[in-house]
Every structure is written in C-alpha cells, then in structure tokens.
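Numbers restart at 1 for each chain; the letters A, B, ... are given by sequence-line order, proteins then strands. All of these numbers come straight from a predicted model, not from anything done at the bench.
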Amino acid sequence: MNTRRMRRIAARRERHSSRSTAVSVALVLVALGGAYLGTECVLAAVGAQPLLAAPADLVRLAVEDEPRRLGIAAVLAVLGIIALVLALTLGGRPRHRVERESVTVIVDDEVLASGLSRAAADSAGVPRQQVRTSVSRNRAAVRVTPVSGRAVAQSAVAQAVASAVTAVGARPVIRSRVQVAEEGVIPR
Amino acid sequence: MIPGRVTVTARALTSTFAALAADELGVRRRDVRAQVSDSRGRLRVRIDTPITLAPHGDGESERSAGPSVTDLIDRLRERLTDEGGAMTGSTVGEVQLHITDARIDQPRRVS
C-alpha cells in the first residue's frame with residue numbers, strides 16, 4: 001500500500017468518529033429480540049408453557065385492532081429513522097487536515113479559530129480577547145468588538161483573515177466571514 | 001506599520017479628559033471627575049465638574065466681561081472632542097457635562 005493512501009486513511013480516521021457503539025447497541029437489541037422469539041417458537045413447537053405468550057397469540061395481539069397496529073408501526077418507523085440518521089450523518093469530528101510535502105497534520109478547529117482570532121486582532125488593533133472566532137467544517141465566523149473611539153476597517157480585517165486561512169490551507173476548505181460589532185468596549 | 005499593539009486603558013482616558021477639563025475651566029484637577037463609555041463604537045465622555053464664573057455686572061473692571069456659562073460649556077465640549085480625541089487617538093462621539101457647582105471668582109481686594 002502506498003504511503004499516500006495510508007495518509008489519507010489515517011487522516012480520515014482522525015477526522016471522523018467511530019460508529020461502532022451504535023452498531024453494537026443495534027446488534028445486541030436485534031439478537032435479544034431474535035433469541036426471545038426463537039425461544040417462544042421452540043416452546044410452542046414442543047407444546048410447553050410459553051414464557052410470556054405463544055407466537056400465535058403474539059401475532060394476534062399485535063394486529064388485533066387499528067390503533068395498536070399503528071402504534072407498533074410508529075415505533076418501528078422511529079427506530080428505523082434513528083438507525084438511518086446514525087448511518088448517514090458524517091460522524092465528523094471538529095478537525096481539519098493540513099497537508100505539507102510529506103506529512104498530514106490534523107488540527108483541532110479550536111486551534112484554527114485561535115489562529116484566525118489572532119490574525120484578526122492584529123489587523124484590527126484590538127486586544128485578543130475582543131475577537132471571537134468559531135470554525136466549523138467549511139466556515140469560519142470572526143466577530144470583532146472594536147475599542148470605543150477607534151474605528152475598525154471591516155474589509156482590512158476580512159482580508160487579513162482570508163489570507164491567514166489561505167496560508168494555513170486547511171482541508172476541507174474554510175470560507176471566512178468577518179463581522180465588526182457596532183458597540184465597542186474600552187479596555188480596562 | 002510597526003508590529004505591536006497599543007492599548008489605551010479607561011484609566012488613562014479618564015485622566016486625560018479630566019485634566020483637559022480642569023485646565024479649560026481653571027478648576028482644580030481633583031474636583032473634576034471623568035468617565036468614559038461606549039457610544040455605538042465611539043467614545044462617550046462624561047465630565048462632572050464645578051465651574052468658575054467671573055463676577056457679573058459690577059461694572060468695575062474688565063473681569064466682569066467674563067464668558068457666559070454656555071460659552072464655557074461650548075468651548076469645553078469642543079476642546080474635549082478635538083484635543084482630547086487627538087491626544088487619546090479616539091473619536092469622541094458624545095460629551096456629557098454635569099456641572100456640579102458654580103463658584104464666583106471674587107476679585108481680590110487690594111488692601
């Protein structure tokens with residue numbers, strides 16, 4: 001296996017969470033249900049007392065009247081939807097890939113956010129704690145609170161942040177947006 | 001641009017504005033209180049100060065032709081906005097003046 005492929009797989013493993021817990025829970029539930037039904041069937045076949053109800057009675061109970069049928073259908077539908085959501089959502093972790101010549105670095109989104117905050121603060125001339133950045137899969141939202149009496153040029157900060165994003169070159173690609181608050185604060 | 005950051009703290013701002021006001025009105029620095037806050041991204045300056053007025057209408061000397069209260073206030077507001085803004089590197093958006101006391105500046109009697 002070539003190293004490039006290995007790097008890709010390793011990066012993917014780091015950036016996505018495992019779904020084995022959900023799979024295990026689902027399998028255990030199915031196995032328990034199957035075991036119970038099997039037991040009842042065997043008991044009925046040898047003519048012994050049923051544990052709870054004989055298979056024939058179970059079927060009759062389940063389809064006896066309309067509301068009960070609908071109820072059972074609804075429960076099954078909800079379980080199915082839960083399973084589908086677990087299976088189809090990305091299971092992504094808040095991380096990005098940064099690829100350099102021979103290595104792939106996995107960076108937590110918090111780290112990216114603090115780097116972008118720093119770039120924005122330096123460009124806007126405000127203390128670091130007056131910048132809040134949140135990074136999601138393909139978006140970075142930067143919010144700058146100016147110092148009262150010192151206007152912040154939104155476009156300059158946006159440019160500084162955009163070039164910081166480009167310089168890092170994280171994958172998946174991040175698009176940044178800079179917002180300057182209307183109200184300022186005065187540093188203590 | 002030189003890398004680095006300048007932070008002007010609230011304390012520095014209030015001292016500057018209070019000193020300016022005291023100088024403009026000719027009152028003691030410790031009688032003047034200044035506060036700064038935000039006014040939609042610009043600086044709001046609040047000054048609590050006494051004022052000193054020239055005695056009015058005794059017709060005795062040129063001192064009686066002192067500026068009126070409104071003149072004093074206008075000049076003070078202007079100076080705080082322009083000079084104060086320049087000194088602190090801030091845009092002053094609002095000046096609130098609270099005149100806490102007025103003193104009549106009695107001409108010294110020559111004995």
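Contacts of R95(A) classified as salt bridge (Lys or Arg N to Asp or Glu O under 4.0 Å), with partners at least two apart in sequence or in another chain: E14(A), D108(A).
For a heavy-atom cut-off of 4.5 Å, chain B lies close to V147(A), S148(A), G149(A), R150(A) in residues 139-167 of chain A.
In this structure, V27(B) is a member of the same hydrophobic cluster as V69(B), with clusters built from ILVMFWY side-chain heavy atoms closer than 4.5 Å. Placement of M6(A) and V98(A) in two distinct hydrophobic clusters is found when ILVMFWY residues are connected by side-chain heavy-atom separations under 4.5 Å, directly or transitively. The same ILVMFWY cluster, assembled from side-chain heavy atoms under 4.5 Å apart, contains both I51(B) and L97(B). Linking ILVMFWY residues whenever their side-chain heavy atoms come closer than 4.5 Å, directly or via other members, places M87(B) and V45(B) in the same cluster. V105(A) and V173(A) fall into different hydrophobic clusters, where Ile, Leu, Val, Met, Phe, Trp and Tyr side chains are chained together by heavy-atom contacts under 4.5 Å.
Considering only heavy-atom pairs separated by less than 4.5 Å from chain A, the leading option among D38(B), L13(B), V8(B) is D38(B). Of the listed residues (T91(B), V92(B), T88(B)), the greatest number of heavy-atom pairs within a distance under 4.5 Å of chain A belongs to T91(B).
Around the CD atom of E110(A), the shell of radius 6.0 Å holds no more than 12 heavy atoms that belong to other residues, nucleotides or ligands. More than 12 heavy atoms of other shown residues, nucleotides or ligands fall within 6.0 angstrom of atom CZ in R128(A).
Both the backbone and the side chain of V36(B) come within contact range of chain A, with heavy atoms under 4.5 Å apart. Using a 4.5 Å cut-off between heavy atoms, A181(A) does not touch chain B at all.
To the nearest 0.5 Å, atoms CD1 (I186(A)) and CZ (R11(B)) are separated by 15.0 Å.
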